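See structure below.
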Amino acid sequence: MLKINQLHKSYPIGKSSLHVLKGIDLEVETGEMVAIMGSSGSGKSTLLNIIGMLDEADSGDYILDGVPIKNLNEKKAAIYRNKFLGFIFQSFNLINYKNALENVALPLYYQGLKRKERQEKGKFHLEKVGLLDWAHHLPSELSGGQKQRVAIARALAADPKLLLADEPTGALDTTTSYEIMEFIQQLNDEGKTILIVTHEEDIANMCKRIVRLKDGLIMEDKKVNQVRASQYV
Ligand code: ADP
Ligand code: MG
């Protein structure tokens with residue numbers, strides 16, 4: 001699914017620079033569910049954003065689904081992003097003035113689907129996350145867990161090969177976090193490849209593999225016995 005080789009990334013700060021990723025090697029196969037862990041500031045989001053083509057590495061190789069991701073122009077990058085990737089964020093990143101269905105259907109607009117198809121697909125995915133009855137509600141009328149489920153439906157709408165989640169449970173209470181994780185586990189059961197950034201051990205243990213970042217490098221990469229979220233909800 002993806003292969004990363006000797007990835008480096010620095011951010012300029014004044015006249016010097018902050019070397020955040022110092023040679024990351026990572027391979028992820030189709031169907032995996034991987035937690036990316038590390039303390040705050042260890043570069044988890046930076047790595048995920050590069051994997052998600054929201055940011056670019058300074059050096060190193062990144063191959064996504066057989067395609068070398070390097071020096072792509074904005075238009076090409078957007079096409080790959082839309083085709084391959086779905087994103088879930090800690091703060092949901094829903095559009096406040098659009099209702100749940102419109103939020104879910106938006107990525108389909110960029111895929112060039114007609115309005116009727118967008119509506120139908122949007123409803124299908126809202127139903128999958130159990131929120132069809134909330135289709136016409138604005139994000140402000142939804143709970144945190146509901147907002148995240150809308151965001152998951154949106155991420156899935158364009159049927160991405162790879163789902164990227166940056167602290168998806170970071171803004172949720174424990175029970176709601178586990179409900180969201182149960183849902184994400186079900187997606188993985190169905191074959192979706194998933195990368196989750198988290199700094200919570202219990203969330204990481206609900207994945208199948210844990211990659212730990214420290215000082216810009218991977219200090220540990222191990223398979224784990226997946227804890228099922230359903231036993232807690
Ligand atoms: P994490 O997600 O593990 O908390 P990040 O990848 O967000 O870490 O950040 C890693 C380091 O890079 C932090 O020290 C952060 O302050 C810095 N950083 C992140 N993004 C930028 C940016 N756009 N410009 C400058 N520094 C940044
Ligand atoms: Mg982060």
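Every number for a ligand or one of its atoms is a count from 1 in the order of the listing. Being a predicted model, the structure only gives us computed values, none of them experimental.
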Query raised in the report: More than 12 heavy atoms of other residues, nucleotides or ligands under 6.0 Å from OH of Tyr109: is that the case?
Result: no
Report task. Return yes if some donor-acceptor pair links the side-chain N/O of Glu141 with the main-chain N/O of Leu138 below 3.5 Å, else return no. Result -> yes
Query raised in the report: Taking Asn103 for the side chain and Leu94 for the main chain, is one N or O donor matched with an acceptor at less than 3.5 Å?
Result: no
[atom]: nearest protein contact (heavy atom, Å):
atom                    : result
atom 10 (C) of ligand 1 : Gly41 O, 3.4 Å
atom 8 (O) of ligand 1  : Gly43 N, 3.3 Å
atom 27 (C) of ligand 1 : Tyr11 CD1, 3.2 Å

Query raised in the report: Any N/O/S atom of Thr46 sitting less than 2.8 Å from the Mg ion (ligand 2), backbone or side chain?
Result: no
Query raised in the report: Got an N/O contact under 3.5 Å between Val20 and ligand 1?
Result: no
Query raised in the report: So is there a nitrogen or oxygen of Pro12 less than 3.5 Å from a nitrogen or oxygen in ligand 1?
Result: no
Report summary line: Filtering Leu47, Asp55, Thr46 for the heavy atom nearest atom 5 (P) of ligand 1 leaves Thr46
**Report entry** The one among Ser42, Gly38, Ser40, Ser45 that brings a heavy atom closest to atom 7 (O) of ligand 1
**Finding:** Ser45
**Report entry** 4.0 Å protein heavy-atom contact status of atom 24 (N) of ligand 1, strictly under
**Finding:** yes
Requested in this report: May I have the step-by-step check of salt bridge (charged side-chain N to carboxylate O under 4.0 Å, His left out) for Glu190 and Lys128, ending in yes or no?
Outcome: CA-CA 13 Å; Glu190 292 166 14; Lys128 250 193 121 181; 3.1 Å; yes
Report task. Indicate, with yes or no, if Leu172 and Leu163 share a hydrophobic cluster defined by side-chain heavy-atom contacts under 4.5 Å among Ile, Leu, Val, Met, Phe, Trp and Tyr. Result -> yes
Query raised in the report: Which ligand 1 atoms are under 4.0 Å away from a heavy-atom of Leu18?
Result: 12 (O), 14 (O), 17 (C)
Query raised in the report: Which of the atoms in ligand 1, numbered in the order shown and given with their element, are less than 4.0 Å from a heavy-atom of Ser39?
Result: 3 (O)
Query raised in the report: Taking atom types as modelled and ignoring hydrogens, do the side chains of Thr46 and Asn49 form a donor-acceptor contact shorter than 3.5 angstrom?
Result: no
Query raised in the report: If you measure only the distance, is there a donor-acceptor pair under 3.5 Å linking the side chains of Tyr178 and Asp202?
Result: yes
Report task. Test salt bridge (charged side-chain N to carboxylate O under 4.0 Å, His left out) on Arg212 and Glu201 and set out the steps. Result -> CA-CA 11 Å; Arg212 278 178 215 273; Glu201 292 286 344; 3.0 Å; yes
